[in-house]
Amino acid sequence: MNTNIHISAAPLNVQSCIDWVLSPESGGIDVFIGTVRNATKGKKVVHLEFEAYEPMAISEMKKIAEAAINKWPVHKILIHHRTGSLNIGEIPVIIAVSAAHRAAAFEACRYAIDTLKQTVPIWKKEVFEDGEVWVAAHP
Amino acid sequence: MKVLAFGIAKEIVGGTSIDVNAGHITVEELKTQLEGQFPRLKQLTTFMIAVNGEYATTGQIVKQADEVAIIPPVSGG
């Protein structure tokens, strides 16, 4: 198994993600860690809420991981996403990619996070002090 | 037909799923019917329909027993 896909309501663990992609033939690991930012367009964010259509989200995340493995010479790819209520600084997403050489790891990692944001059925609600907004819902 | 709703769609339809009086129609027809029933769906940037956990094309036929879901613009990561 060279892909590892997971959706969890519990906090994500960066070190265990890195440990999972590490392999003896790898020369490097690229890791993207999404973190909850304290503001959007100058407006203070109190917390974020993530919701997933879980079976479909898992299936779309698998497609991304498999496409990345077919497209670049990478060894292992891991995509973990969190659901529920997250405070500032917490981690909603971790993507880790190992490869023999860094270019493939960087490119596959960027592809994975960019595609995840476009295709995976997960939704983020920003909660402000005076209201809340589902991100990207309206033009 | 039971239709699942997520994110803002859940708030628009007033629950995690709704019963739609339809069966064996195209995705496009289902979208039009949903928009008629819930006009606020038309204000979204876009919305997709998933059938059995896969994005559906507009001409695809939706059957009574399928798992159908309204997919508003995604915003994970």
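Letters A, B, ... are given to chains in the order of the sequence lines, protein chains preceding strands, and every chain is numbered from 1.
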Part of A:A57 within contact of chain B (heavy atom distance under 4.5 Å):
neither
Among B:P73, B:G53, B:S75, who wins on heavy-atom pairs under 4.5 Å with chain A?
B:S75
Of all heavy-atom pairs between B:V74 and A:K117, which one has the smallest distance, and what is that distance?
CG2-O, 3.4 Å
Nearest 0.5 Å, please: how far is CD in A:E51 from CD1 in B:I8?
11.5 Å
Checking B:Y55 against chain A: side chain, backbone, both or neither under 4.5 Å from a heavy atom?
both
Other residues, nucleotides and ligands only: do more than 12 of their heavy atoms fall within 6.0 Å of CD on A:E54?
yes
Against chain B, label A:Y53 side chain, backbone, both or neither, depending on which of its atoms sit under 4.5 Å from a heavy atom there.
both
State whether the side chain of A:H81 and the backbone N or O of B:G77 hold a donor-acceptor pair below 3.5 Å, judged by distance alone.
yes
Given the rule that I, L, V, M, F, W and Y join up when any side-chain heavy atoms are under 4.5 Å apart, are A:I64 and B:M48 in one cluster?
no
Single-linkage hydrophobic cluster, 4.5 Å side-chain cutoff, A:V31 and A:M61 together:
no
Per-residue contact mode, A:W123 against chain B (heavy atom under 4.5 angstrom):
both
Do A:V97 and A:I113 sit in one hydrophobic cluster, given that two such residues count as connected whenever their side-chain heavy atoms are within less than 4.5 Å of each other, even indirectly?
yes
Tell me whether B:N21 at atom CG has more than 12 heavy atoms from other residues, nucleotides or ligands lying less than 6.0 Å away.
no
What's the separation between atom CD in B:E11 and atom NZ in A:K125, rounded to the nearest 0.5 Å?
5.0 Å
At a 4.5 Å cut-off on heavy atoms, which part of A:P92 comes close to chain B: side chain, backbone, both, or neither?
side chain
So which part of A:E49 gets closer than 4.5 Å to some heavy atom of chain B, the side chain, the backbone, both or neither?
neither
Chain A contact via B:E54 - which portion, at a heavy-atom distance below 4.5 Å
both
Quick one, B:I71 and A:M56 - any side-chain contact, counting heavy atoms below 4.5 Å?
yes
With chain B, which of A:I95, A:I91, A:V120 has the greatest number of heavy-atom pairs at distances under 4.5 Å?
A:V120
Correct closest heavy-atom pair for B:T45 and A:H138 would be OG1-C, 3.0 Å
Are B:I25 and B:L41 connected in a single hydrophobic cluster, I mean Ile/Leu/Val/Met/Phe/Trp/Tyr linked by side-chain heavy atoms less than 4.5 Å apart?
yes
Could you see if A:Y111 belongs to whatever hydrophobic cluster contains A:F32? Use Ile, Leu, Val, Met, Phe, Trp, Tyr and a side-chain cutoff under 4.5 Å.
yes
Looking at every heavy atom in both A:P139 and B:L44, which two are closest together, and how far apart are they?
CD-C, 4.2 Å
A:K124, part contacting chain B, at a heavy-atom distance under 4.5 Å:
both
